[in-house]
Asker: 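This is the structure, below, for whatever I ask next.
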Amino acid sequence: SVLAGTLAVVLAARAATRAWGRPAGIVAGLLLATHPLAVAWSSEGRAYGLLMLASAWAWERIEAVERDGGGTVGLGAAVALGCWSHALGLVAAAAAAAAALLLPATRRRTALTAIGAGLATHLPWVPIAAAQPAAATAWMTEAWRMLPAGERMAAPVRLLPPLAPFGEFLDIPSSPAWAQGGAALACVALLFAARRVRTPATLTVLPAAGLACLAWLGVPALYPGRAEAAFLAPFAGVLAAGADRRAARAAGGILVAGACVADVAALRTWSGTPPRGEQKLAAALLERLPEGGTVVVGGYWRLGLWYHLGHGRERYEIVNVPSSAAAHPGWYHDEPVVGAPIEAEAEAVASRLASTPERAAAVVSPGLTSTHPLMQMADRLGLVPALDVRGGRLYLPRRPES
């Protein structure tokens, strides 16, 4: 992730330099390097750093194609990287194709061919993606519907200024309201100073607007703090496009300085953050069931538990109820897609574990459909509440009488 984020900064700086000159390249690189979202994506084991890299790479290669006709292999590779990294890569690829349509005819054909080749590499994954259960990402649709209508309009671009209300969605503290407003005004000033920005503007506006439209239609395509990875790099380029003007460079410097302060605040917050719920659950399992056992999970705890059990995870069997939740590690929805009702699944698991209840545990997520059946299962096995964390309760065997 760190390598992907660093390369994204380099490529964004190269693209801006090719389009508008060295000062713009410096400003674009600094804006991306210090943006709290980019820093977060570059320090976590998820796909958003790769998606940001793919977006920056595609923009840089399109600029190369426009300038001298070269770079088509890299453009195809960038599109392939984006698509294989994350489903949002398809949105970035569509934006790249739209940007390629703006090129002169001879350049347009070569760019579109490269983009088509990159998309073609993704074809083997299409049947798998099409089979993804809708319930696996239903939480995104529900989160979008919970936003007030006004916030939905701004959601795709709300976190693009380096000082934004990140705390509402992410593990990054929000800046004061006056700093958020100042950053937004500085971005507006830079947008007005920008010129000749057809390519990066297309790579920014089309994904943002397209994802918003998809979300309005009920497609789980947008969650704040993640989708921006598909267009943050070209957005930094648009802001840097007027860097030959002194006022624009000053506004860019203010944004970079503010972003650095936000990064330091985020690092301090992260360093002082207490253990997460899945860390506490895993620690309790390792302490109380050191020899391992079967952990029955309701809700979205599977991936976190598996990770934080560390090298001891081989001793544990993690069972989802409903079993269909195992199709997606970040499952937030609690309705079975196929198979027996949740009550029947919980009963079957209880029967299987009845002979070894001392090696059983359950993690219940209050408020879900699985809550009552899992509590009944725990009661049948003699499990008792042992630990409460936000959004979860761990049931373990009773401690032996001393």
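In this chain, numbering begins with 1 at the start of the sequence shown.
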Asker: Please round to the nearest 0.5 Å and tell me the distance separating atom CZ of Arg313 and atom OH of Tyr307.
Answerer: 8.5 Å
Asker: Just do the side chain to side chain contact (heavy atoms under 4.5 Å, CB included) check on Leu30 and Ile26 with the steps written out, would you?
Answerer: CA-CA 6 Å; Leu30 288 173; Ile26 294 173; 3.8 Å; yes
Asker: Report yes or no: does Arg196 contribute a side-chain atom to a donor-acceptor pair with the main-chain N or O of Ala19 at less than 3.5 Å?
Answerer: yes
Asker: CG/Leu396 to CG/Leu381 distance, rounded to the nearest 0.5 angstrom?
Answerer: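 Separation between the atoms: 12.0 Å.
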Asker: Decide whether Glu317 and Thr294 meet the rule of one side-chain donor and one side-chain acceptor closer than 3.5 Å.
Answerer: yes
Asker: Using only atom types and a distance under 3.5 Å, with no angle test, would you say the side chain of Arg393 pairs donor to acceptor with the backbone of Asp388?
Answerer: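 No.
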Asker: Evaluate side chain to side chain contact (heavy atoms under 4.5 Å, CB included) for Leu101 paired with Arg108, printing each intermediate quantity in order.
Answerer: CA-CA 6 Å; Leu101 291 174; Arg108 184 188 312 146; 4.1 Å; yes
Asker: Could you tell me how the ring of His122 sits relative to the ring of Trp84: parallel (under 30°), tilted (30 to 60°) or perpendicular (over 60°)?
Answerer: perpendicular
Asker: Using a 6.0 Å cut-off, check whether atom CZ of Arg276 has over 12 heavy atoms from anything other than its own residue.
Answerer: no
Asker: When you compare the side chain of Ile342 with that of Leu374, does any pair of heavy atoms fall below 4.5 Å?
Answerer: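 Counting from C-beta outward, Leu374 and Ile342 never come under 4.5 Å.
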Asker: Please determine which of Val364, Asn320, Leu353 meets the side-chain contact (heavy atoms from CB on, under 4.5 Å) test together with Val296.
Answerer: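 For Val296, the side-chain contact (heavy atoms from CB on, under 4.5 Å) test succeeds with only one of Val364, Asn320, Leu353, which is Leu353.
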Asker: So which heavy atom on Ile172 is nearest to which on Ala266, and how close?
Answerer: CG2-CB, 4.0 Å
Asker: For the residue pair Glu63 and Pro200, what are the closest heavy atoms and their distance?
Answerer: OE2-CD, 4.0 Å
Asker: I need the minimum non-hydrogen distance between Ala94 and Leu206, along with the two atoms involved.
Answerer: C-CD2, 4.5 Å
Asker: Hey, are Glu66 and Arg18 close enough for a salt bridge, meaning a charged N less than 4.0 Å from a carboxylate O?
Answerer: no
Asker: Do the side chains of Glu291 and Arg359 get close enough for a salt bridge, i.e. N-O under 4.0 angstrom?
Answerer: no
Asker: Do Pro156 and Leu211 come within less than 4.5 Å of each other through their side chains, counting heavy atoms only?
Answerer: no
Asker: Is there a donor-acceptor contact under 3.5 Å from the side chain of Glu343 to the main chain of Pro373?
Answerer: no
Asker: Please report the shortest heavy-atom distance between Leu103 and Ala111, naming the atom on each side.
Answerer: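 It is CD1-CB, 3.8 Å.
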Asker: I'd like to check Val256 versus Leu31 (side-chain heavy atoms, cut-off strictly below 4.5 Å). Are they in contact?
Answerer: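 Touching, per the 4.5 Å side-chain cut-off.
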Asker: Where do Ala241 and Asp244 come nearest, in terms of heavy atoms and distance?
Answerer: O-OD1, 4.4 Å
Asker: State whether the number of non-hydrogen atoms from other residues, nucleotides or ligands found under 6.0 Å of Trp125 atom CH2 is greater than 12.
Answerer: no
Asker: Hey, are the side chains of Pro162 and Thr34 touching, using non-hydrogen atoms and a 4.5 Å cut-off?
Answerer: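 A side-chain contact is absent here, since even the closest heavy-atom pair is not under 4.5 Å.
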Asker: Any chance you could measure Leu305, atom CG, to Tyr316, atom OH, to the nearest 0.5 Å?
Answerer: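 OH of Tyr316 is found 10.5 Å from CG of Leu305.
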Asker: State, yes or no, whether a side-chain contact exists between Arg14 and Arg61 at a heavy-atom distance under 4.5 Å.
Answerer: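 Heavy-atom side-chain distance check passes, below 4.5 Å.
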Asker: Would you find a donor on one side and an acceptor on the other, under 3.5 Å apart, between the side chain of Ser1 and the backbone of Glu44?
Answerer: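 It does hold such a pair.
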Asker: Looking at Pro224 and Leu170, what are the two nearest heavy atoms and their distance?
Answerer: O-CD2, 4.1 Å
Asker: Under 3.5 Å, is there a donor-acceptor pair between the side chain of Arg152 and the main chain of Trp144?
Answerer: yes
Asker: Just verifying a value: how many Å separate Arg380 CZ and Met377 CE, rounded to the nearest 0.5 Å?
Answerer: 10.0 Å
Asker: Are any side-chain N or O atoms of Glu345 and backbone N or O atoms of Ser323, one a donor and one an acceptor, separated by less than 3.5 Å?
Answerer: yes
Asker: Can you confirm whether more than 12 heavy atoms, excluding those of Arg352, are under 6.0 Å from its CZ atom?
Answerer: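 It does: Arg352 CZ has more than 12 such atoms within range.
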Asker: Between OG1 of Thr204 and CH2 of Trp59, what distance do you get to the nearest 0.5 Å?
Answerer: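 Going from OG1 on Thr204 over to CH2 on Trp59, the span is 8.0 Å.
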Asker: Kindly say whether Leu51 contributes a backbone atom to a donor-acceptor pair with the side chain of Ser55 at under 3.5 angstrom?
Answerer: no
Asker: I want to check something: taking the side chain as every heavy atom from C-beta on, are Thr113 and Thr72 in contact at a cut-off of under 4.5 Å?
Answerer: no
Asker: Check side chain to side chain contact (heavy atoms under 4.5 Å, CB included) between Ala38 and all other residues, then give those that pass, not counting sequence neighbours.
Answerer: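 Ala38 satisfies side chain to side chain contact (heavy atoms under 4.5 Å, CB included) with Leu32, His35, Met52, Leu232 only.
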Asker: May I ask you to say whether Glu151 pairs ionically with Arg158, meaning some side-chain N is under 4.0 Å from a carboxylate O?
Answerer: yes
Asker: Quick check for you: to the nearest 0.5 Å, what is the distance between Lys280 atom NZ and Leu394 atom CG?
Answerer: 12.5 Å
Asker: Whether the side chain of Arg226 engages the backbone of Tyr48 through a donor-acceptor N/O pair (distance < 3.5 Å, no angle test) should be reported.
Answerer: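 No, the answer is negative, given that no donor and acceptor are paired below the 3.5 Å cut-off.
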Asker: Please tell me if the side chains of Tyr395 and Met375 come closer than 4.5 Å, counting only heavy atoms from C-beta onward.
Answerer: yes
Asker: Might you work through the side chain to side chain contact (heavy atoms under 4.5 Å, CB included) test for Leu75 and Ile115, ending with a clear yes or no?
Answerer: CA-CA 7 Å; Leu75 178 56; Ile115 293 169; 3.9 Å; yes
Asker: Just do the side chain to side chain contact (heavy atoms under 4.5 Å, CB included) check on Leu119 and Cys83 with the steps written out, would you?
Answerer: CA-CA 7 Å; Leu119 285 169; Cys83 291; 3.7 Å; yes
Asker: Check the angle between the aromatic planes of Phe169 and Tyr223 and answer parallel, tilted or perpendicular using the 30° and 60° thresholds.
Answerer: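 Geometry flag for Tyr223 against Phe169: perpendicular rings.
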Asker: Do the side chain of Arg398 and the main chain of Val384 share a donor and acceptor less than 3.5 angstrom apart?
Answerer: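 Side chain of Arg398 to backbone of Val384: no pair is present.
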Asker: Decide yes or no for Trp41 and Leu50: does some side-chain heavy atom of the first lie under 4.5 Å from some side-chain heavy atom of the second?
Answerer: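 No, side chains not in contact.
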Asker: Please answer whether the main-chain N or O of Ala284 pairs with a side-chain N or O of Glu287 as donor and acceptor at a distance below 3.5 Å.
Answerer: no
